[in-house]
Amino acid sequence: MVLKLHGFAVSTCTLRVATVLKELNVPFEFVPVDITKGEQKVPQHVKIQPFGQIPYIEDDDGFILYESRAICRYIAAKYRSNVSGPALLPDLSTEMEKYAKFEQAASVEAWNFDFYASNATLELIFKSIYGGGVTDEVRAKEYLESLEKNLDVYDKILSSHRYLAGDDITLADIFHIPYARHLHTRKYINLEDANRPNLTRWWKDITSRPSWQSVQGGVTSFP
Amino acid sequence: MVLKFYGHPFSTCSLRVATILKEYNVPFELIVVDVSKGAHKAPDYLKIQPFGQVPYIDDDGFILYESRAIGRYIAAKHRASGPALLPDVNTETQKYAKFEQAASVEAWNFDFYASKAAAELIFKPMRGLTPDEARAKELLESLENNLDVYDKILASQKYVAGDDITLADLFHISYGNLLHSAKHINLEDTKRPNVARWWKDITSRPSWQAVKGGVSSSA
């Protein structure tokens, strides 16, 4: 049985997992959950994902896991030997400080990036595409302002090493891509601003990876 | 060299780290960062924690910030001398994955609502600002809905990642306690018997009991 990824083809969290599956060359079957029809809230789905959210995976041995960043860590750990090069998830038993710096960067992604980026995306983009109310312009502006301040800090951090956790890419860098892409392509933020040359370099680097390039238009089964 | 803990005695994130240090009996020196005087935004501080946030640790020269990263580092480094709060990624990969699932739930389905509600209802008044009551109400409603889900999850397992306690349970305590003590949520609500059982269990641990009144340097 091949790993099954249950999600929505263009959903940010589903894309996050798909990117990492591609990074680790893990074959998977994509099983669509139509969130525009509320399929993530049906009893059958809620039995598996009690918060009624997507995505979740069912691994080839039947193991179920939800929360995209947990799934990504699991994939990076389990399929580590599929690829060469620095581990997207540093091994805490052999490189403890590197692991700690990764978790520091992942925590920064959650609290200093995603909270503002996901809420801004919801207000400015998802509400009009998927319905769910009128854009709260005041709140959206607040979120973007906080995000911009933090992106200035990112530029400082990235002036002394290539990626957020150090000189090797980790999951923490990849976690940013789906929401960042939404806001950047619609010009709510500029991740290629000449005033933030290190951020620009980093953004171009991580989004040029074949993994993201292959899924950015929407997730499909692989191969 | 004893671990240097740059934090604040009553800050939720400092309490989170202190609880975990206590779980492993890690000696530490608390160096108070006076946030009321803006010490966390001083240039020297920003050189180390560039977001101007508290806490960070200096473990014999190794600097780390973000309370939940610090928690994982402490649990990994001292695993031989304390409870297995962080499953081994190599020898118990599925257990590790379930822990990270629970930690992610704590972040996105608990903390994002709890911390923002606390900011409105507790921190703003402390700074002489007016809470946005409408926003606070929305946040608490979302939190309540999710706590109902927690009750379902905790009906079939003791802790949020399974039958063993992990860091993911402990991560909840500082904001949970803040909102529960101020009666904005009720974590001992009899309508959610499993959440009540879980909350009483994790908050009765000696580690939390030792720091809940405020962090101070260990003996």
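Every chain is numbered from 1 and lettered A, B, ... according to where its sequence line falls, protein lines coming before strand lines.
With a 4.5 Å cut-off on non-hydrogen atoms, A:Lys149 does not touch chain B at all. In this structure, the portion of B:Ile153 lying under 4.5 Å from any heavy atom of chain A is its side chain and not its backbone. The contact between B:Leu86 and chain A is made entirely by side chain atoms (from C-beta outward), counting heavy-atom distances below 4.5 Å. Proximity to chain A (any heavy atom under 4.5 Å) is shown, for B:Asn145, by neither the backbone nor the side chain. Both the backbone and the side chain of B:Asn146 come within contact range of chain A, each with at least one heavy atom under 4.5 Å from a heavy atom of that chain. Interface remark: B:Lys116 contributes side-chain atoms only to the contact with chain A (heavy atom separation under 4.5 Å). Interface residue B:Phe51: backbone and side-chain heavy atoms are both found under 4.5 Å from chain A. For B:Asp111, the part lying under 4.5 angstrom from a heavy atom of chain A is the side chain only. Contact of B:Arg135 with chain A is made through backbone and side chain together, with heavy-atom distances under 4.5 Å. Contact of A:Phe51 with chain B is made through backbone and side chain together, with heavy-atom distances under 4.5 Å. When heavy atoms are compared at a cutoff of 4.5 Å, A:Leu65 approaches chain B by way of both its backbone and its side chain. Neither the backbone nor the side chain of A:Asn119 comes within less than 4.5 Å of any heavy atom of chain B.
Aromatic pair A:Phe126/A:His182: centroids less than 6.0 angstrom apart. Aromatic ring centres of A:Trp111 and A:Phe115 lie farther apart than the 6.0 Å criterion allows. For an aromatic pair to be called close, the ring centres must be under 6.0 Å apart, and B:Tyr45 with B:Tyr56 satisfies this. For an aromatic pair to be called close, the ring centres must be under 6.0 Å apart, and A:His161 with A:Trp202 fails this.
Residues B:Asp151 and B:Arg192 share a closest heavy-atom pair of OD1-C, 3.0 Å.
Checking each of A:Tyr130, A:Tyr188, A:Tyr179 against A:Ile125 for a side-chain contact (heavy atoms from CB on, under 4.5 Å) leaves exactly one that passes, namely A:Tyr188. Of the residues listed (B:Trp198, B:Trp199, B:Tyr159, B:Tyr113), the one engaging B:His172 in a ring pair (Phe, Tyr, Trp, His ring centres under 6.0 Å) is B:Trp198, and it is the only one. A:Val26 pairs in a side-chain contact (heavy atoms from CB on, under 4.5 Å) with only one of the listed residues (A:Ile57, A:Ile75, A:Val20), which is A:Ile75.
Using cut-offs of 30° and 60° on the angle between ring planes, the pair A:His45 and A:Tyr56 is perpendicular.
Electrostatic pairing of B:Glu100 and B:Lys95 does not count as a salt bridge here, judged by no charged N lying under 4.0 Å from a carboxylate O. The residues A:Arg139 and B:Glu138 are annotated as salt-bridged, a charged nitrogen and a carboxylate oxygen being separated by less than 4.0 angstrom.
In terms of heavy-atom pairs under 4.5 Å with chain B, the best-connected choice from A:Leu89, A:Asp152, A:Asp59 is A:Leu89. For the set A:Leu92, A:Val108, A:Asn150, A:Ile157, the entry with the most heavy-atom pairs within less than 4.5 Å of chain B is A:Val108. Your options are A:Ala105, A:Ala70, A:Ala77, A:Gly52, and the one with the most heavy-atom pairs under 4.5 Å with chain B is A:Ala70. Highest contact tally toward chain A, considering only B:Phe62, B:Tyr150, B:Phe99, B:Tyr73, is held by B:Phe62 [criterion: heavy-atom pairs under 4.5 Å]. When each of B:Asn109, B:Val89, B:Asp148 is checked for heavy-atom pairs under 4.5 Å with chain A, B:Asn109 comes out on top.
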